[in-house]
Amino acid sequence: MANLGSVNGRPGVFSLVGLCVLAGILVAGTVAPAAIGAGLLSNQVSDSVDAISAQLAAADPPLTTTVTDRDGTPIATLYAQYRLPVTAAGIATTMKAAIIGVEDRRFYTEGGVDPQGMLRAAVNDSTGGALQGASTITQQYVKNYLINVVDRTDPVAQQADREDSLARKLREAKMAVQLNDTMSKDDILADYLNVVEFSGTVYGVGAAAKAYFGTTADKLTVPQAALLAGMVNNPSVYNPYTHPDKALQRRNLVIDDMVTNGSLPASYAATAKAAPLGLLPDGPVTPSGTCMGAAPDAGFFCAYAENYLVHAGFTADRLATGGYTVKTTLDPRVSQVAKDAVDANVPTTQDGVANTFAVVQPGSAGHQVLAMVANRNYGTDPARGETSTDIVADASNEFGAGSSFKIFTSAAALVTGKAGLDTPLPNPDSQCFPVPDAHSSCYTVHNDGHYADPISLADGLATSPNVAFVGLESQVGMPAVLDMAYKLGLRNTLATNDAGAAPNPASGNPQFSEPQSAYFRNLLSFTLGNSPVSPLEMANVSATLMSGGVWCPPDPILAVTDRNGNAVPVPQQACEQVIPTGVANTLEAGLSKDTTDGTSAQAAHAAGWTRPDIGKTGTTQQSESVAFVGGVDGYAVSSMVFADGSHPREICPGTPVHLGDCGHGAFGGTVAAPPYFHAMSELLAGVPDQPIPGPDPAYLQARS
């Protein structure tokens with residue numbers, strides 16, 4: 001067998017005669033394809049062709065994935081290659097004529113390879129000229145499919161697909177003949193136009209028509225089609241946005257080729273060549289390709305949905321190329337109302353202050369996420385109030401949710417029998433508590449104001465004294481409290497370290513090397529909520545209580561279908577009965593006084609709020625973070641306002657909420673609760689009140 005290797009892109013052993021014979025065999029291959037593999041082609045080339053042909057048959061071209069809200073309205077487009085596939089019938093005759101005129105005039109008469117072109121290239125290559133293409137559209141289809149589909153994630157293989165070697169051309173030629181025998185010319189042409197790159201992330205004529213001209217592939221005019229056809233030879237050089245003069249010259253050359261090929265009357269050529277490029281401004285105009293292109297009220301939700309699917313077994317690449325339709329649980333009305341509420345509370349570009357808002361629908365069979373918004377938008381431009389961190393889903397509120405963590409201490413006390421809703425709790429103005437597993441120090445806690453001493457657990461939940469709850473936490477024990485926080489919903493939060501990041505054992509500092517579930521096992525400060533927390537998971541804590549003690553993962557997905565419309569299963573964690581229903585109902589009853597007689601009552605009155613609901617506010621020591629966690633009529637909610645800049649300071653109430661040294665910083669009831677009242681009042685207008693469950697008598701008094 002002949003050696004088909006090459007040196008510096010030149011044939012290594014073939015003489016002029018040999019190349020001419022090769023071309024002759026390729027000519028014969030248009031009639032008898034077996035002759036290609038039986039003649040000069042080596043077994044190595046033949047075997048590689050068979051392997052690559054199998055890959056071609058198995059590999060689907062990357063398509064865009066569409067993410068929609070629960071009503072089916074698109075909210076984002078994910079892609080690695082922006083491609084809008086079209087059928088042969090969906091491509092304008094102008095486009096077909098233009099690409100054939102400039103790339104392969106004998107397309108409809110050749111057998112996958114062009115004998116005349118191969119002979120010309122063989123002679124030129126053997127005499128020292130540049131290695132010529134002599135490639136038909138079918139051969140170009142093979143090459144582009146390998147580069148853009150089969151080998152798109154393998155740079156080494158892509159380089160081999162592009163190399164100027166005779167071996168590569170032989171492989172292309174044989175596969176082109178195979179395709180020519182199994183596909184119609186119209187289908188080959190359409191598939192080629194669907195796979196070829198036009199520039200950047202724009203692939204295929206459907207996407208190019210929309211991105212460059214705002215039209216569809218079946219409506220391309222002669223000048224438009226000629227411009228696109230001219231680009232495929234070198235998308236970077238002939239990019240009309242970056243090289244308009246070269247693109248224009250190339251377009252007009254294609255128009256001349258169309259005249260020469262007989263597909264365009266000569267009388268029309270001058271008119272076509274005089275037409276402006278006619279591009280959309282600031283293009284090519286394409287969706288962003290990521291969730292950062294979503295609407296302001298959907299970006300964080302989209303990012304969470306994408307991450308949720310990755311954890312369910314999808315890869316990021318699969319989502320960006322699979323052509324899926326992802327129907328999410330996002331409720332467009334709830335999301336927009338929530339977004340309006342946080343924007344009214346803290347403007348998008350307000351320096352150093354973020355306001356997140358998450359809404360989850362309770363249920364014993366699932367917890368659907370309805371909205372995930374913030375005054376910030378999901379993006380990369382801080383000057384426009386954007387952030388590339390999912391501040392609603394992640395434990396990015398590093399200052400914590402304040403006293404709303406007293407929910408976990410209360411639930412643990414009810415379950416263990418250490419306290420009931422009516423149990424009086426010792427509550428002096430200050431107290432120094434022994435630190436678990438320590439013998440020489442204690443943890444001093446002060447109440448912010450004067451409270452009853454003792455105070456019932458129910459009244460404590462409404463008014464939030466620190467001493468009573470740290471004392472209760474000490475009595476219940478940190479393991480039980482941390483376990484309860486995990487059960488009720490802080491699953492991802494507790495897996496992060498005390499900076500809200502993945503634990504880093506190499507740091508040597510427990511604060512950063514351990515997950516919160518381990519770090520806080522001897523720290524009574526946990527119930528005061530001074531650690532990083534996910535706003536979404538705090539909303540899901542409310543959903544667990546409102547579901548009778550059933551925890552379910554906060555689920556953003558209704559359905560996923562593939563490119564062919566087939567349902568794709570999405571595995572998820574099963575729901576769990578994490579606390580008895582009686583405990584959940586009793587704790588809800590205890591949380592029902594916050595907006596009537598508790599820490600958010602003044603804000604509720606100012607908002608005209610009278611609905612029965614549950615709520616718990618939280619304020620960190622320096623007022624760098626405040627929270628309201630609650631729920632009403634089938635909506636479980638968290639609203640958190642926290643310092644998110646590089647120089648965090650005290651958050652001050654006002655219009656707008658801002659950073660400062662006000663000396664009377666924000667509280668959960670004064671700054672975090674108002675967006676809740678704003679949003680829920682609008683969403684529930686005209687809807688009858690839904691009562692809060694009454695307490696279970698078994699959990700009114702301590703049992704141990």
Side-chain angles (χ1 to χ4, degrees), residues 297 331 333-346 355-362 370-375 401-404 406-407 458-464 535 538-543 545-546 585 587-619 625-641 651 653-657 665-695:
D297 71 311
D331 185 311
R333 179 167 179 259
V334 174
S335 188
Q336 188 59 61
V337 167
K339 174 64 173 169
D340 291 344
V342 295
D343 284 353
N345 194 46
V346 185
N355 187 170
T356 61
F357 199 99
V359 185
V360 178
Q361 185 178 63
L370 303 182
M372 292 174 59
V373 301
N375 66 315
S403 292
S404 60
K406 292 169 182 174
I407 292 173
D459 288 342
L461 284 170
T463 57
S464 204
M538 285 303 292
N540 202 41
V541 167
S542 286
L545 299 178
M546 296 170 72
N585 290 346
L587 192 50
E588 280 196 85
L591 294 168
S592 66
K593 298 172 63 176
D594 197 277
T595 59
T596 57
D597 304 301
T599 53
S600 61
Q602 185 175 354
H605 178 75
W609 180 261
T610 59
R611 289 182 178 273
D613 65 352
I614 64 171
K616 183 72 192 79
T617 62
T619 304
S625 179
V626 296
F628 178 88
V629 179
V632 59
D633 289 7
Y635 296 110
V637 178
S638 79
S639 172
M640 297 189 184
V641 181
I651 295 174
T655 306
V657 176
F667 292 94
T670 59
V671 169
Y676 164 82
F677 299 131
H678 177 158
M680 294 300 110
S681 293
E682 182 171 345
L683 290 171
L684 295 172
V687 177
D689 288 345
Q690 181 176 317
I692 300 301

Looking at S600, is its backbone amide N or carbonyl O close enough to the side chain of D594 to form a donor-acceptor pair, meaning the two atoms are under 3.5 Å apart?
yes
Determine, stepwise, if the pair T596 / K593 fulfils side chain to side chain donor-acceptor pair (under 3.5 Å).
CA-CA 5 Å; T596 57; K593 298 172 63 176; over 6 Å; no
Determine the minimum heavy-atom distance between A539 and V637, stating which atoms define it.
CB-C, 3.9 Å
D343: salt bridge (Lys or Arg N to Asp or Glu O under 4.0 Å) partners, not counting sequence neighbours
K339
Step by step, would you call T619 with V671 a side chain to side chain contact (heavy atoms under 4.5 Å, CB included)?
CA-CA 10 Å; T619 304; V671 169; over 6 Å; no
Within the structure provided, determine whether F628 and T595 are in side-chain contact (heavy-atom separation under 4.5 Å).
yes
Is there a side-chain contact between V657 and N345, using heavy atoms and a 4.5 Å cut-off?
yes
Kindly give the heavy-atom pair with the smallest separation between A543 and P362, and that separation in Å.
O-CB, 3.8 Å
Would you say S335's side chain and D297's backbone share a donor-acceptor pair under 3.5 angstrom?
yes
For the student: nearest non-hydrogen atoms of G669 and A673, plus distance:
O-CB, 3.6 Å
Approximate separation, where rounding is to 0.5 Å, of E588 CD and I614 CD1
5.0 Å
Under a 4.5 Å cut-off applied to non-hydrogen side-chain atoms, are L591 and I407 in contact?
yes
Just how far is it from atom CG of L461 to atom OG of S592, taken to the nearest 0.5 Å?
9.5 Å
Where do A672 and S639 come nearest, in terms of heavy atoms and distance?
O-OG, 2.7 Å
At what distance, to the nearest 0.5 angstrom, does NZ of K406 lie from OG1 of T617?
8.0 Å
Sub-4.5 Å side-chain heavy-atom contact between M680 and Y635:
yes
Do S542 side-chain atoms and G630 backbone N/O form a donor-acceptor pair below 3.5 Å?
yes
Sub-3.5 Å donor-acceptor pair from the side chain of T670 to the main-chain atoms of A666, do we have one?
no
Checking N355 against M640 for the side chain to side chain contact (heavy atoms under 4.5 Å, CB included) test, could you report, in this order, the C-alpha distance in whole Å, the side-chain angles of both residues, the deciding distance, and whether it holds?
CA-CA 6 Å; N355 187 170; M640 297 189 184; 5.7 Å; no
I651 and V641 have their tightest heavy-atom pair at CD1-O, 3.7 Å
Taking all non-hydrogen atoms of both residues, which atom of H678 and which atom of D340 are closest, and how far apart?
CE1-O, 4.3 Å
Residue pairs involving residues 603-612 (criterion side chain to side chain donor-acceptor pair (under 3.5 Å); sequence neighbours excluded)
W609-D613, R611-D633, R611-D689
Between the main-chain N or O of V334 and the side-chain N or O of D331, is there a donor-acceptor pair closer than 3.5 Å?
yes
Full working for side chain to side chain donor-acceptor pair (under 3.5 Å) between S403 and K616:
CA-CA 8 Å; S403 292; K616 183 72 192 79; 4.9 Å; no
Any donor-acceptor pair under 3.5 Å linking the side chain of S404 with the backbone of A401?
yes
Test F357 against N375 for side chain to side chain contact (heavy atoms under 4.5 Å, CB included), laying out the working first.
CA-CA 9 Å; F357 199 99; N375 66 315; over 6 Å; no
Worked check of side chain to side chain contact (heavy atoms under 4.5 Å, CB included) between T356 and V342:
CA-CA 7 Å; T356 61; V342 295; over 6 Å; no
With D597, which residues qualify under salt bridge (Lys or Arg N to Asp or Glu O under 4.0 Å), at least two apart?
none
Quick one: does any side-chain atom of T463 pair with a main-chain N or O of G598 as donor and acceptor, under 3.5 Å?
no
In the structure I gave you, are the side-chain heavy atoms of Q690 and V632 within less than 4.5 Å of one another anywhere?
no
